[in-house]
Protein chains: 2
Amino acid sequence: MARIVMKFGGTSVADLDRIRNVAARVKREVDAGNQVAVVVSAMSGVTNQLVKWCQDLSPLHDAREYDTVVATGEQVTTGLTAIALQTIGVDARSWQGWQVPIVTDDAHGKARVEGIDGAVLIERMEAGQVPVITGFQGIETHRHRITTLGRGGSDLSAVAVAAAVKADRCDIYTDVDGIYTTDPRIVPRARKLERISFEEMLELASVGAKVLQTRSVELAMKLGVRVQVVSSFEDKPGSLVVDEDEIVEQPVVSGIAYSRDDAKVTLRRVPDRPGVAANVFGALAKASVNVDMIVQNIGADGTTDMTFTVGKAELVRAKDVLEKARAEVGFEALLADPEVAKISVVGIGMRSHAGVANTMFRALAEKGINIQVISTSEIKVSVLVAADYTELAVRALHTAYGLDAPA
Amino acid sequence: MARIVMKFGGTSVADLDRIRNVAARVKREVDAGNQVAVVVSAMSGVTNQLVKWCQDLSPLHDAREYDTVVATGEQVTTGLTAIALQTIGVDARSWQGWQVPIVTDDAHGKARVEGIDGAVLIERMEAGQVPVITGFQGIETHRHRITTLGRGGSDLSAVAVAAAVKADRCDIYTDVDGIYTTDPRIVPRARKLERISFEEMLELASVGAKVLQTRSVELAMKLGVRVQVVSSFEDKPGSLVVDEDEIVEQPVVSGIAYSRDDAKVTLRRVPDRPGVAANVFGALAKASVNVDMIVQNIGADGTTDMTFTVGKAELVRAKDVLEKARAEVGFEALLADPEVAKISVVGIGMRSHAGVANTMFRALAEKGINIQVISTSEIKVSVLVAADYTELAVRALHTAYGLDAPA
């Protein structure tokens, strides 16, 4: 017997048939003798409609009223799911964020979970009832108003509930069937990972493998919640995200990620003296432009070239900020290139293995792919290449690190 | 300065433009120096969709989950209305049933309001804020679950809130502009009533003038809340429903109502002995069939004919119950006629005036309309006629009682 939290996203509860399918899956776990709590999102499309109404009334709407409106999507799903469960003989009851309660701070629209008292839920689960809990929403206890956790917040709710009820596992049901060594649309021979560490998952999520919301992985790591990513639509084992201690054979490289969300900015002939970098990145930070990779070459004739990446959506703002700071910074030219891709190899085994980066550089060179920028972290090596080369680079690296499934 | 509760039904908040229109109307009252609380229904069509989902999952769905699902319609409207008000500079905040709280019993799907503490709402109104409160929903305090008051329950919510905040008036905004002496679609010269008593309104509502939910009129009468029916779409005075003491000139007849919702049942040659009526109506009551008008003629040769009306929707059940009780009751034949209409004249002035019924009978006779059944109460005379004569009868009576507006 295990205690499990099962979380179903919007596409998994998109209509009544899918909600019935969810109920059947829950019943299977209950029939197997497990204690189950369910966390659900809004039916897909519903939240977008509610958000649009708020936007159309006022782009600067009150975030407290926004939360009141958009939180209804999850409320509907909890009630319908409870009915679907009862209909097939499973004792169930819906729980709204304020009923549990899932207590958050008052940062409406992007609230942080402050605490969940799991006692009542555990009591119900031990008595054989399935609590069906709203994802995405909570309550701030000062004024007793509904809050929401931001887009994708239902994963976060599920992890927080799993910790509160001391669940053995938090199963995230979604429209993919697990976490792969890379995007299977690019590499058909990508393999599903049986296990992956929180740290690796965080690196993969943040560089573009959009399976789990980053904050929920961080929370799972912090609270020690074992997370399984599993398909809502197919019946096969998923991928388990766990503490690295639980992974016996730690691969050097677990996966290859890519992202086309960044743009490259180069400042030509920046004066090569102390304080210049601070001027550049200070100005960007003040404008809330996030900078990712940074490279600065050793200069000649008293100047240097400085290259870095910003989110594509922030490129216009970044250029604007830098042009305004031109006199102060003193660069000769600003070159912007949005046609770039970031390719990353990720693996906790890197910590104890040399030569990982070198394998990467060689594999890319063999395909004639020019590396524009390089950055590394403890468990990741990322390079920036021309966007046209994205798929070629991902495939080359997937093969180079021996990740291809047997043909 | 007055304290007003303004209630807007589903068609008045059907889309964002109409919600903006609602906000503009509220702002006008606020700008005039009034303290305002708003009660809103779900956007029209929304509740039907939510109900259908519950029905489709299970006709015998858990009423507690049904309430959780359908109550979201009003929640969305409160948030959107609050945003629309804020956008035009009116301080506003949404209130859910559980936040006020609007405390009800636990009869889910048709809960009764047990109490509303108006203190916080009054405080906000006095500080210049407009509370936007969900109609239709409440909370039962034993298990803290959401309840709903049944279809049309938002009128009830508005009246209860008006009593709790000691409002001078409860304005019910709807798609008609007031209460008329009869249905203007039948009698173009029907007049809008400036004032009508609670008792008359109850008789008119229950016989087919579907402007105000009957329970809300009963509650307004009990709590002494002055109700105004007014148009959401036009800018003219409505009709005031008040205690009869507030009506100086009490008309003998205030209005003519009609209903085609009943069917006539006649039992031929029922034994004319004590206990037979008890057998007939006891059996019907046990099957929850409501009986309205009842006539029994003085019998000849030891038998009598017994005629009564039941709701058309209950006719099949009524016939079934009576056929099963045939041996016990001992009638010769059961005749059912759904093609009937009930025409009623209503007026508190009847109490002190003779000859009201006679005017009715003469007016109908002059048009060649046969009266099938007659029943009377203190302020009402109703007759059953063939359904084909409905409009003719209503027009004849409207003229006979001098209700026609000047041509």
Side-chain angles (χ1 to χ4, degrees), chain A residues 13 15-17 19-20 23 42-43 46 49-88 91-96 98-101 108 120 132 134 137 139 143-146, chain B residues 13 15-17 19-20 23 42-43 46 49-88 91-96 98-101 108 120 132 134 137 139 143-146:
Chain A
V13 294
D15 56 38
L16 297 189
D17 275 341
I19 288 174
R20 288 189 190 98
M43 297 162 84
V46 168
Q49 172 65 74
L50 297 169
V51 170
K52 187 175 183 309
W53 278 337
C54 293
Q55 291 285 9
D56 286 355
L57 280 176
S58 168
L60 297 171
H61 49 257
D62 183 344
R64 294 164 298 191
E65 301 304 345
Y66 167 92
D67 280 355
T68 298
V69 172
V70 299
T72 58
E74 281 68 24
Q75 181 167 332
V76 169
T77 317
T78 56
L80 295 179
T81 305
I83 291 173
L85 282 165
Q86 293 169 355
T87 304
I88 55 172
D91 185 17
R93 125 155 219 200
S94 65
W95 290 87
Q96 306 312 304
W98 57 271
Q99 289 172 325
V100 174
H108 284 275
V120 175
V132 182
T134 48
Q137 52 158 274
I139 181 170
R143 293 185 182 279
H144 288 278
R145 299 207 62 176
I146 296 168
Chain B
V13 293
D15 56 38
L16 296 190
D17 275 342
I19 288 174
R20 288 190 191 99
M43 296 161 85
V46 168
Q49 173 65 73
L50 296 169
V51 170
K52 186 175 184 307
W53 279 337
C54 294
Q55 291 285 7
D56 286 355
L57 280 176
S58 167
L60 298 170
H61 49 257
D62 183 344
R64 294 165 299 190
E65 301 303 346
Y66 167 93
D67 280 355
T68 298
V69 171
V70 299
T72 57
E74 281 70 22
Q75 181 167 332
V76 169
T77 317
T78 56
L80 295 179
T81 305
I83 290 173
L85 282 166
Q86 292 169 356
T87 304
I88 55 172
D91 185 17
R93 120 154 223 201
S94 65
W95 290 86
Q96 307 312 305
W98 58 269
Q99 288 173 325
V100 175
H108 284 275
V120 174
V132 182
T134 49
Q137 51 157 277
I139 183 170
R143 293 183 182 280
H144 288 279
R145 298 207 63 174
I146 296 168

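The sequence lines fix the lettering, A, B, ..., with proteins before strands; numbering per chain opens at 1.
- Heavy atoms of A:Trp95 lying under 4.5 Å from chain B are absent altogether.
- Chosen from B:Ala71, B:Cys54, B:Ala84, B:Ala23, the residue pairing most often with chain A at heavy-atom distances under 4.5 Å is B:Cys54.
- Looking at B:Arg20, only its side chain comes within 4.5 Å of chain A, counting heavy atoms on both sides.
- For the atom pair CD (A:Gln99) and CD1 (B:Ile139), the distance works out to 7.0 Å, reported to the nearest 0.5 Å.
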- Query: Between A:Thr87 and B:His61, does a side-chain contact (heavy atoms from CB on, under 4.5 Å) hold up when you go through it step by step?
  - Reply: CA-CA 8 Å; A:Thr87 304; B:His61 49 257; over 6 Å; no
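- Residue B:Leu85: no heavy atom, backbone or side chain, is found under 4.5 Å from chain A.
- Contacts between A:Leu60 and chain B at a heavy-atom distance below 4.5 Å are absent for every atom of the residue.
- Most heavy-atom pairs under 4.5 Å with chain A, from the set B:Val70, B:Val132, B:Thr81, B:Thr68: that is B:Thr68.
- With a threshold of 4.5 angstrom between heavy atoms, B:Gln86 approaches chain A through side-chain atoms but not through N, CA, C or O.
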- Query: How far apart are the C-alpha atoms of B:Val69 and A:Gln75, what are their side-chain angles, what is the distance that settles it, and do they pass the side-chain contact (heavy atoms from CB on, under 4.5 Å) test?
  - Reply: CA-CA 7 Å; B:Val69 171; A:Gln75 181 167 332; over 6 Å; no
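- Side-chain contact between B:Val76 and A:Trp53: present, with at least one pair of heavy atoms (C-beta onward) separated by less than 4.5 Å.
- Taking B:Thr77, B:Leu57, B:Ile146, B:Thr78 one by one and counting their heavy-atom pairs under 4.5 Å with chain A, the maximum is reached by B:Leu57.
- Annotation: the span from B:Asp56 atom CG to A:Asp17 atom CG amounts to 10.0 Å, rounded to 0.5 Å.
- In this structure, no portion of A:Ile88 lies under 4.5 Å from any heavy atom of chain B.
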- Message: side-chain contact (heavy atoms from CB on, under 4.5 Å) for B:Arg93 and A:Glu65? Distances and angles first, verdict last.
- Response: CA-CA 7 Å; B:Arg93 120 154 223 201; A:Glu65 301 304 345; 3.9 Å; yes
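- There is no side-chain donor-acceptor pair under 3.5 Å between A:Arg64 and B:Ser94.
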